[in-house]
Structures are given as structure tokens and as C-alpha cells.
Amino acid sequence: PEASPLPRAERVLLFPHADWRAAEGVLAPDLAALAYDFGRLEERLRGAGEGARRRIALQEVASLGWWTGDRLTGDRLALWLSMQIGATGEDAQALARGAWAVRRLTGGPAPIAPRRAEALATLLGLTDAGPEPERIGDACEVLDDLAPLHPVVQGCVLFHLWRLIDAGPARGVEAAVLGARLAGSMGGPGAFLPLTLAGFGGLAAQGDAERRLSAWISGAHQ
């Protein structure tokens, strides 16, 4: 207890601006194609009624569950969200995580500047008065350094960064939701970029910035 705290890790060095800027440049055609089709999706959602985005969010979270280990169907999630029924002792926590993910994909602020830290705290439910969690400060430090880059690139960084700095049991679903909301901000403040409807290869990628970003763009585009 009397030991001095260890020095804070320099998160920016783990996600150097030059590497991600170079990856963005190399993958610019793929990024443009994704942005174009995402714009088409947003246009269709705006004309499809209020429930369309929620249906996609339910499908997205159900697909995400195959990666995180929470095996939930969209129907069960919808039932839990609407009537708070359908949970058993074994999957109550999984349903709670899934319900959180659906709500955060379809509502709340996007984690973009200039109120990025506040938005992250709101999305994570950390709105009580008190000191800002260190992991939020770490995330904002990295993202502010990468602010000139495209939202899809920043979303990829936030996903990988959050999995690195958060050791909680929900870090996988939190990372995917936060990354999807940040990447989806290119379509407006209430949008999210679906990532796992055709598999979760974009979430499982490792390696350098170009490899991770390439998988992220490809997975979302599919």
C-alpha cells in the first residue's frame, strides 16, 4: 500500500498516428466503397420506419454473441428488451449484456470530439459524479491524436484499444459497440456501423495497422 504508483503507460505509442494514417491511405478505395454503401444503408433505414435500425441492431448483437460467447437469438433479445422476460439463471448476464449492446447501438451519443470522454462515460453507464475512469482518459488520448483520420479508422482503433485497456468480462461486446458507434458517426450522430452480420473476421484480426484496418473494413462491408 505504501508503494508509489507505477508510471502510466503511453497508449499513443501503441497506436502511432503515422501507421494508421498510412493504412488509411493504402486502403482508401476500400474505405470509400464502404462509406458509399453505408450511406445507401442509412438512406434505406431513414425510409424504412423507426423499427428498422432496431432490427439490424438485434441481428448485430445476436451475431456478435457468437464471438463473445453469449449465444442469444434476436428474438430472445427483443423479448427481454420489451417485457423483461425470457432469462434463466444461466444466461441472465448474457441477456443483460446483449440488451445493453442493443440500446447503445441505437441510442446515446457517438464518442466523437469535442465531448468524447462524456459520450464514452454515458454509453458505458458511468455518469455518476466521481473521477473519470483511467481507461476513458487513455482512449480519448489515443483518439484525439488520431482525430484527423476517417471515423471508420478511428472506430477500428477504439475497438482494439478498448480490448487492450479494459479487463472486464464485457470488454469484447463493449469494444465492438463503441467501435461501431464511432465508425458509424460518418452517417450521423445516431448511426452505427454493423460489423458482424456476415461473420466476425473483422474483430479477430491481429498484426499491424494495415492488416487490422483491412479486416475491419472488409468485415463491415460484407
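- Ion pairing between R21 and E24 fails under the 4.0 Å rule for side-chain N and carboxylate O.
- At least one side-chain heavy atom of L182 sits less than 4.5 Å from a side-chain heavy atom of L143.
- Side-chain atoms of R171 come within 3.5 Å of backbone atoms of R163 as a donor-acceptor pair (strictly under, hydrogens ignored).
- With a 4.5 Å cut-off on side-chain heavy atoms, L124 and L178 count as touching.
- Looking at heavy atoms from C-beta onward, V61 lies out of side-chain contact with L72 at the 4.5 angstrom threshold.
- At least one donor-acceptor pair closer than 3.5 Å links the side chain of Q154 to the backbone N or O of L149.
- With sequence neighbours excluded, the residues satisfying ring-ring contact (aromatic ring centres under 6.0 Å, His included) with F159 are W67, W216.
- The side-chain heavy atoms of L120 and C140, taken from C-beta on, include a pair separated by under 4.5 Å.
- The minimum heavy-atom distance between P109 and T122, with the atom names listed, is CD-CG2, 3.8 Å.
- A donor and an acceptor atom, one from each side chain of S218 and Q222, are located under 3.5 Å apart.
- Within the 4.5 Å cutoff, the side chain of F192 has no heavy atoms near those of the S185 side chain.
- A side-chain donor-acceptor contact under 3.5 Å links E60 to the backbone of L195.
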Between F15 and E141, is the side chain to side chain contact (heavy atoms under 4.5 Å, CB included) condition met? List the steps. CA-CA 11 Å; F15 295 88; E141 181 182 359; over 6 Å; no

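- At a threshold of 4.5 Å between non-hydrogen side-chain atoms, the residues L146 and V153 do not count as touching.
- Looking at S214, its side chain never comes within 3.5 Å of a backbone N or O of E210 through a donor-acceptor pair.
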Could you walk me through whether D208 and R211 pass salt bridge (charged side-chain N to carboxylate O under 4.0 Å, His left out), step by step? CA-CA 5 Å; D208 60 15; R211 183 174 179 181; over 6 Å; no

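- No donor-acceptor pair under 3.5 Å is formed between the side chain of T68 and the backbone N or O of G172.
- Within 6.0 Å of the CZ atom in R46, the count of heavy atoms belonging to other residues, nucleotides or ligands exceeds 12.
- Crowding of R71 atom CZ: a count of heavy atoms from other residues, nucleotides or ligands under 6.0 Å exceeding 12.
- Checking H221 against D30 by side-chain atom types alone, no donor-acceptor pair falls below 3.5 Å.
- R104 contributes a side-chain N or O that, together with a main-chain N or O of L123, makes up a donor-acceptor pair within less than 3.5 Å.
- Proximity of V142 to V157: side-chain heavy atoms (C-beta onward) are separated by under 4.5 Å at one or more points.
- Taking every heavy atom of both residues into account, F38 and P194 meet most closely at CE1-CD, 4.3 Å.
- Side chain of R181 to main chain of G107: a donor-acceptor pair is present (N/O by atom type, distance under 3.5 Å, no hydrogens or angles).
- Looking at L77, L79, L81 one by one, the single match for side-chain contact (heavy atoms from CB on, under 4.5 Å) with L95 turns out to be L77.
- A pairwise comparison of heavy atoms in H160 and A205 identifies CE1-O, 3.4 Å as the closest pair.
- Minimum heavy-atom separation, L193 to A220: CD2-CB, 3.8 Å.
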Kindly determine whether E42 and R53 satisfy salt bridge (charged side-chain N to carboxylate O under 4.0 Å, His left out), including the steps that lead there. CA-CA 9 Å; E42 283 297 299; R53 192 181 304 276; 2.9 Å; yes

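- A donor-acceptor pair under 3.5 Å is absent between the side-chain atoms of T196 and the main chain of G199, judged by distance alone.
- When side chains are defined from C-beta on, I56 counts as touching L41, because their heavy atoms get closer than 4.5 Å.
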